[in-house]
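All remarks here apply to the structure that follows.
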Amino acid sequence: MAASSNSSLSGSSVSSDPDDYQPPIWKSYLYQLQQEAPRPKRITCPREMESRPKYYGREFHGLISRDYADELLAGAEGSYLIRESQRQPGTHTLALRFGHQTLNYRLFYDGKHFVGEKRFESVHDLVTDALITLYIETKAAEYIAKMTTNPIYEHLGYTSLLKDKMVHRLSRGRTEPRRVTFQKDERIASPLVRRSALKDTPEKQCSYEKIHNFKVHTFRGPHWCEYCANFMWGLIAQGVRCSDCGLNVHKQCSKLVPSDCQPDLRRIKKVFSCDLTTLVKAHNATRPMVVDMCIGEIELRGMKSEGLYRVSGFSEHIEDVRLAFDRDGERADISATAYADINIIAGALKLYLRDLPIPVITFDLYSKFIQAAKNPNAEYRLEAIHEGLLQLPPAHYETLRYLMAHLKRVTMFEKDNLMNAENLGIVFGPTLMQPPEQNALTTLNDMRQQKLVVQLMIEHEDVLF
């Protein structure tokens with residue numbers, strides 16, 4: 001049976017042209033095994049048990065020994081009962097007959113029944129799932145161990161073909177961004193200070209790689225893994241689904257799936273509080289629309305506004321802007337007609353950046369930037385910040401680059417808006433970088449460094465980016 005299912009893909013072929021894509025033939029071996037798995041057989045207690053918990057039925061036999069439970073279950077594969085433990089009174093054990101032996105599991109209840117990670121509405125469902133899992137993992141242990149060695153995800157590339165076609169269509173005609181890079185020259189002591197050591201070079205194709213956001217999922221009806229093409233067995237929580245693109249795979253296969261998630265706009269429920277890379281990939285953009293639109297509006301009519309970014313707009317109006325972006329996306333109206341006070345737009349931009357689940361300067365690079373700011377040598381301090389910038393995810397780097405260029409232009413109107421790089425650093429420091437552990441004392445101690453990092457990025461924007 002296993003051999004025939006292994007060859008089920010042999011007749012499949014795929015063209016390099018996405019238009020000629022043919023779906024794969026799913027492997028049926030594990031599905032057939034699930035159909036063959038023993039069915040649960042409840043062994044009921046012949047007498048009424050006064051000590052029976054209300055969440056158990058007649059399968060509860062009270063305080064009986066392992067040996068007696070074994071006698072009651074003998075000869076019936078898939079039979080089960082619940083008993084109170086003799087060793088630990090007050091705790092309960094699920095006794096299950098499988099493989100001609102009685103298996104005993106500590107049974108728990110917290111509103112649902114469980115012996116491990118999975119939680120079930122009824123003991124019958126728990127036993128059904130356990131028998132399926134035991135049967136498949138016993139009969140097909142070697143097959144399961146090898147099922148990821150020749151994945152259709154890579155062999156056929158059927159998922160990537162469709163995604164690549166969409167990305168190619170949306171990105172057609174898009175110009176590549178340019179960035180400043182350092183020219184290696186040992187004769188130059190400080191490449192950050194010596195502008196002659198800089199050169200403009202085309203940036204490499206930006207992949208904007210994104211890992212899948214897998215979460216345990218219960219599939220209704222038969223489902224097959226989109227990585228290995230094998231059946232996802234069990235009654236509940238059979239596998240995981242990417243909440244951003246909808247890819248369905250086994251839990252063990254999810255560890256092997258490449259970081260090539262292409263978020264589906266239909267699955268993106270909101271703009272604010274959405275992961276930055278997820279949002280820009282879903283919209284096939286280089287930066288979040290909120291950043292582009294708010295900065296565009298501010299530069300159109302707010303650059304001379306006194307206290308720009310420091311003065312707060314009305315919180316209820318800022319909330320209205322957030323709801324508009326979440327509801328209407330790029331069609332959100334943030335014009336002067338809708339919001340005459342530019343501080344509302346500035347406040348919405350700060351709120352968006354502050355509410356990112358992963359800050360623009362990511363958690364894993366936070367300490368690197370803080371340490372860079374503590375360096376007493378000004379040139380080495382800038383070098384360290386530049387090294388940190390190059391380690392940012394592409395979407396984060398591009399967002400930060402665009403924002404710093406904007407804030408640099410804001411400082412050019414300092415006579416009118418009274419906002420220099422230091423003032424903007426005070427405002428944006430805690431917004432753009434937050435410590436991994438939300439510790440108030442850490443945040444307070446790092447405020448000076450947060451301010452300095454942003455201040456230096458504004459002042460040296462043309463060199464650092």
Side-chain angles (χ1 to χ4, degrees), residues 272-273 276 287-299 302-313 315 318 321-322 342-363 365-374 381-382 384-386 388-389 392-393 395-414 416-436 438 440 442-465:
F272 277 61
S273 301
L276 201 157
R287 294 177 302 274
M289 70 184 81
V290 180
V291 174
D292 278 0
M293 292 176 64
C294 287
I295 287 179
E297 196 66 27
I298 290 167
E299 297 202 349
M303 297 294 271
K304 295 183 178 182
S305 176
E306 185 175 332
L308 180 63
Y309 288 117
R310 187 184 69 238
V311 176
S312 300
S315 58
I318 293 173
V321 174
R322 183 186 72 81
I342 198 63
N343 294 312
I344 295 171
I345 308 305
L349 176 59
K350 290 188 295 181
L351 177 64
Y352 170 77
L353 297 170
R354 187 167 59 248
D355 281 359
L356 287 171
I358 300 176
V360 176
I361 293 178
T362 57
F363 290 126
L365 290 173
Y366 177 84
S367 61
K368 186 176 183 68
F369 279 88
I370 293 296
Q371 291 305 312
K374 291 179 178 179
R381 186 163 56 222
L382 289 178
I385 290 175
H386 180 257
L389 291 172
L392 286 171
H396 289 245
Y397 175 90
E398 174 58 25
T399 300
L400 191 59
R401 182 198 66 78
Y402 191 76
L403 177 63
M404 291 303 111
H406 162 66
L407 295 180
K408 183 69 173 285
R409 292 191 289 274
V410 170
T411 63
M412 295 176 182
F413 294 86
E414 182 186 351
D416 298 297
N417 60 38
L418 308 180
M419 296 300 289
N420 57 25
E422 183 177 3
N423 292 337
L424 290 169
I426 294 171
V427 173
F428 280 93
T431 299
L432 297 175
M433 51 192 304
Q434 302 163 25
Q438 298 300 318
T442 302
T443 303
L444 186 63
N445 291 337
D446 293 346
M447 283 185 67
R448 181 177 177 277
Q449 285 75 34
Q450 291 174 346
K451 182 268 293 184
L452 184 56
V453 167
V454 176
Q455 178 183 340
L456 292 173
M457 287 193 296
I458 296 171
E459 292 174 342
H460 302 277
E461 169 270 333
D462 55 342
V463 178
L464 287 171
F465 292 93

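The basis for the numbers below is simple: all heavy atoms, side chains too, and nothing from hydrogens, waters or symmetry mates.
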For the side chain of [X] and the backbone of [Y], is there at least one donor-acceptor N/O pair under 3.5 Å apart?
| X | Y | value |
| --- | --- | --- |
| Asn417 | Val410 | yes |
| Asn343 | Leu308 | no |
| Asp446 | Gln449 | no |
| Lys304 | Phe413 | no |

Output the distance between atom [atom1] ([X]) and atom [atom2] ([Y]), rounded to the nearest 0.5 Å.
| X | Y | atom1 | atom2 | value |
| --- | --- | --- | --- | --- |
| Leu392 | Arg401 | CG | CZ | 13.0 Å |
| Lys350 | Tyr309 | NZ | OH | 9.0 Å |
| Ile344 | Leu351 | CD1 | CG | 13.0 Å |
| Leu407 | Phe428 | CG | CZ | 5.0 Å |
| Ile361 | Leu356 | CD1 | CG | 12.0 Å |
| Ser305 | Asp416 | OG | CG | 10.0 Å |

Validation row: [X], [Y] side chains within 4.5 angstrom (heavy atoms):
| X | Y | value |
| --- | --- | --- |
| Met303 | Ile298 | yes |
| Ile370 | Gln450 | yes |
| Leu400 | Met404 | yes |
| His406 | Glu299 | yes |
| Leu276 | Ile358 | no |
| Asn423 | Leu418 | no |

Go through the steps to decide whether Met419 and Thr411 satisfy the test side-chain contact (heavy atoms from CB on, under 4.5 Å), and finish with yes or no. CA-CA 6 Å; Met419 296 300 289; Thr411 63; over 6 Å; no
Which is it for Tyr366 and Gln371 under the side-chain hydrogen bond (donor to acceptor under 3.5 Å, both in side chains) test, yes or no, and what are the steps along the way? CA-CA 9 Å; Tyr366 177 84; Gln371 291 305 312; over 6 Å; no
Residue from Gln455, Glu461, Met457 passing side-chain contact (heavy atoms from CB on, under 4.5 Å) with Glu459: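 The option that passes is Gln455.
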Identified side-chain contact (heavy atoms from CB on, under 4.5 Å) counterpart of Leu403 within the set Val454, Ile458, Thr431, Leu353: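 The option that passes is Leu353.
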So which atom in [X] and which in [Y] form the shortest heavy-atom distance, rounded to 0.1 Å?
| X | Y | answer |
| --- | --- | --- |
| Thr399 | Pro288 | OG1-CD, 3.3 Å |
| Gly302 | Ile342 | CA-CG1, 3.8 Å |
| Phe369 | Leu389 | CZ-N, 3.6 Å |
| Ile426 | Pro430 | O-CD, 3.5 Å |
| Ser273 | Pro357 | O-CD, 3.5 Å |
| Gln434 | Phe363 | O-CD2, 3.4 Å |

Under 6.0 Å between ring centres: does that hold for Tyr397 and Phe465?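 Yes; Phe465 has its ring centre under 6.0 Å from that of Tyr397.
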Test side-chain contact (heavy atoms from CB on, under 4.5 Å) applied to Leu365 and Met433, step by step: CA-CA 9 Å; Leu365 290 173; Met433 51 192 304; over 6 Å; no
Test of understanding: with side-chain hydrogen bond (donor to acceptor under 3.5 Å, both in side chains), list the residues that count as partners of Thr362, not counting sequence neighbours.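 Asp364.
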Applying side-chain hydrogen bond (donor to acceptor under 3.5 Å, both in side chains), can you list everything that pairs with Asn445, at least two apart in sequence or on another chain? none
Please say whether more than 12 non-hydrogen atoms of neighbouring residues, nucleotides or ligands are located less than 6.0 Å from CZ in Arg409. yes
